[in-house]
2 protein chains.
Amino acid sequence: MSELGKTHHPRTEEVELALSAFARRVLLDAGDVVRMRQLMRSFELHPAGFPVSSLGPGPSLKWIVTGWACEARVLPDSRRQIFSFLLPGDVLLARPAHATRPCTVVALTRLECIDVDQLLSSATEGPRARLADAMATATDINEERKFEHIVRLGQHSAAERVVHLMLDLRDRLAEVGLVRGDTFRLPLTQEHLADALGLSVVHVNRTLRALRTKGLLEIRFGGVTLLHRQQLASIAGRVQAPP
Amino acid sequence: MSELGKTHHPRTEEVELALSAFARRVLLDAGDVVRMRQLMRSFELHPAGFPVSSLGPGPSLKWIVTGWACEARVLPDSRRQIFSFLLPGDVLLARPAHATRPCTVVALTRLECIDVDQLLSSATEGPRARLADAMATATDINEERKFEHIVRLGQHSAAERVVHLMLDLRDRLAEVGLVRGDTFRLPLTQEHLADALGLSVVHVNRTLRALRTKGLLEIRFGGVTLLHRQQLASIAGRVQAPP
DNA sequence: CGCGATTTTGAGCCATGTCAATCGGAGTGG
DNA sequence: CCACTCCGATTGACATGGCTCAAAATCGCG
């Protein structure tokens, strides 16, 4: 059962980052932003390592303000497949507990999020439609990422998968202002990467070492720095060399 | 551009199979069925090998009466990833041509389908709600299959992937009465299988040969027969022997 | 300082990919 | 009916990426 709280005080800076990214995406005016900031004082807090499930009988959308989560499924033989990582600014679909059908959402870090239904119902008339729209778009993007992920798993080598994922995470974090230079927090163990990318932990490690050796990225202390974005992009297969 | 036709006469038997499967799923009464049969006289015909795109500016749902399709994306280096196979009874999301963003739907055989919007608008009040519900459910199932596919690609060996897919196809075709014994049509080349399962054509071939040699299935003439469903299921699920 | 979790490394094996050639059936033109 | 061609299926030889097992090193933390 997820521990909910309305009182914990989030790190103001991160909330402000999320808010301003949100204001940009949804085109909020100054007044809207003030009201949103008010709304964001009450949020759900989910502890790291626990499933994020909906309280009601049906599924519910949550908008992530702070923290990371993932969608995953554990197979009968205890292997685990991670379907996606969910970052601040993303929307996650929390299903009722016990509904393990498609996948389970699990908090990877302490997770602060806002119930989308509540958000919409307490928003003022003006931004409500744009908010609803943004939430729908976010959900679509989640689906689209599934396609990307299938391509990664089906067509890419280990190095390509790792790099492709890192670039994806970078771009998404950059949109919410969580990238400085090309450095960002990465609260994932190599086992998480392995489970997401369909590789063994050992091979993820070797792959990272190879990239590090080539001076393409640095990973340390739960953080990454991408060193040659251009070159990394070409490894990930995103760019075709002109023929 | 897909060739549309309202005149071609589908094979009555297959249409009746689709209709009765549909009636079962949506709980149509005899009168509904008669009206549906009327509706199904006019359908869109898409030739094999061509993209199935929506005619209007937005995406549109089509209900497949006859034939196979797939969702796929071609990568810049000409590799191809197939995301899903779509069978009679399934619903496909046709996007406007030029919208290659997430994926493209391609007809693998001659494809007869009905536009869902038209279907709903011409249905009588009684079944309309149940129809809409069935279409929404079908769409959800499509999404759920993406998760299954990710698991296949991320966690399964070549043999497991092949068997898992075959069992999936069998179950889905069985629901619309297209399986006799454990034999069904399979209008896929080994290259299609390879592109879907993230394997090389050569290795798909070898994997099939191994399964054939073990007497687990037969593939010939665009058709398959599964011989030991039980045993195949245990291969696909990596059921562990008790230690 | 000791413990559990994670990262790192090495050695060796096996699955899968690549390259290249052959084979078989279906269609096509003569 | 034959020669030709094309596409897909098949096979062999060989290279290699990624896995497994096992152990060491390192880190985070009490």
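Reminder, nothing fancy here: chain letters follow the sequence lines and each chain counts from 1.
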Salt bridge (Lys or Arg N to Asp or Glu O under 4.0 Å) partners for Glu191(A), two or more places apart: none

Using whole Å, what does the distance between atom C1' of nucleotide dA9(D) and atom CG of Asp195(B) come to? 15 Å

Touch check for Gly198(B), heavy atoms < 4.0 angstrom, all strands: base, sugar-phosphate only, or nothing? sugar-phosphate

Starting from the first five and the last five pairs of the helix from dC1(C)-dG30(D) to dG30(C)-dC1(D), work out the angle between the resulting helix axes, to 10 degrees. 40°

Between the protein and nucleotides 10-14 of chain D, are there any N/O to N/O pairs under 3.5 Å, and if so, what are the atom names and distances?
| residue | atom | partner | partner atom | Å |
| --- | --- | --- | --- | --- |
| dT10(D) | OP2 | Gln190(B) | NE2 | 2.7 |
| dT10(D) | OP2 | Asn205(B) | ND2 | 3.1 |
| dT10(D) | O5' | Asn205(B) | ND2 | 3.3 |
| dT11(D) | OP2 | Arg209(B) | NE | 2.9 |
| dG12(D) | N7 | Arg206(B) | NH1 | 3.4 |
| dG12(D) | O6 | Arg206(B) | NH2 | 3.3 |
| dA13(D) | N6 | Arg206(B) | NH2 | 3.1 |

Polar contact flag, side-chain donor to acceptor under 3.5 angstrom, Glu218(A)-Thr225(A): no

Which is true for Ser157(A) with a 4.0 Å heavy-atom rule: it touches a base, it touches only sugar-phosphate, or it touches nothing? sugar-phosphate

With sequence neighbours excluded, tell me which residues meet side chain to side chain donor-acceptor pair (under 3.5 Å) with Asp182(B). Arg170(B), Arg229(B)

Restricting to side chain to side chain donor-acceptor pair (under 3.5 Å), what partner residues turn up for Thr189(A), sequence neighbours left out? His192(A)

Review item, side-chain donor-acceptor pairs of residues 197-217 of chain B, under 3.5 Å, at least two apart:
| residue | atom | partner | partner atom | Å |
| --- | --- | --- | --- | --- |
| Ser200(B) | OG | His203(B) | N | 3.2 |
| Asn205(B) | ND2 | Gln190(B) | OE1 | 3.0 |
| Thr207(B) | OG1 | His203(B) | O | 2.7 |
| Thr213(B) | OG1 | Arg209(B) | O | 2.8 |

Give the rounded distance in Å between these two atoms: NE2 of His203(A) and P of dT16(D). 14 Å

Under a 4.0 Å threshold between the charged nitrogen and the carboxylate oxygen, would Lys146(B) count as salt-bridged to Glu148(B)? no

Here the distance between atom P of dG8(D) and atom CG of Leu108(B), to the nearest Å, is 12 Å

Suppose we screen for side chain to side chain donor-acceptor pair (under 3.5 Å). Which residues come up paired with Asp171(B), at least two apart in sequence or across chains? none

Tell me the interatomic distance from His192(B), atom NE2, to dA9(D), atom C1', rounded to whole angstroms. 14 Å

According to salt bridge (charged side-chain N to carboxylate O under 4.0 Å, His left out), does anything in residues 88-105 of chain B pair up with another residue at least two apart or in another chain? List the pairs. Asp90(B)-Arg145(B), Asp90(B)-Arg172(B)

Using the test ring pair (Phe, Tyr, Trp, His ring centres under 6.0 Å), find all partners of Phe184(A) that sit at least two apart in sequence or belong to another chain. none

With sequence neighbours left out, what residues match Trp68(B) under ring pair (Phe, Tyr, Trp, His ring centres under 6.0 Å)? none

Over how many whole Å does the gap from Leu193(A) atom CG to dC19(D) atom P extend? 13 Å

Pairing residues for Arg152(B) by the side chain to side chain donor-acceptor pair (under 3.5 Å) criterion, not counting sequence neighbours: His164(B)

With a 4.0 angstrom cut-off to heavy atoms of chain B, pull out the first and last contacting nucleotide of DNA chain C, in 5'-to-3' order. dT16(C) to dC19(C)

Over all strands shown, is Thr189(A) touching base, sugar-phosphate only, or nothing at heavy-atom distances under 4.0 angstrom? sugar-phosphate

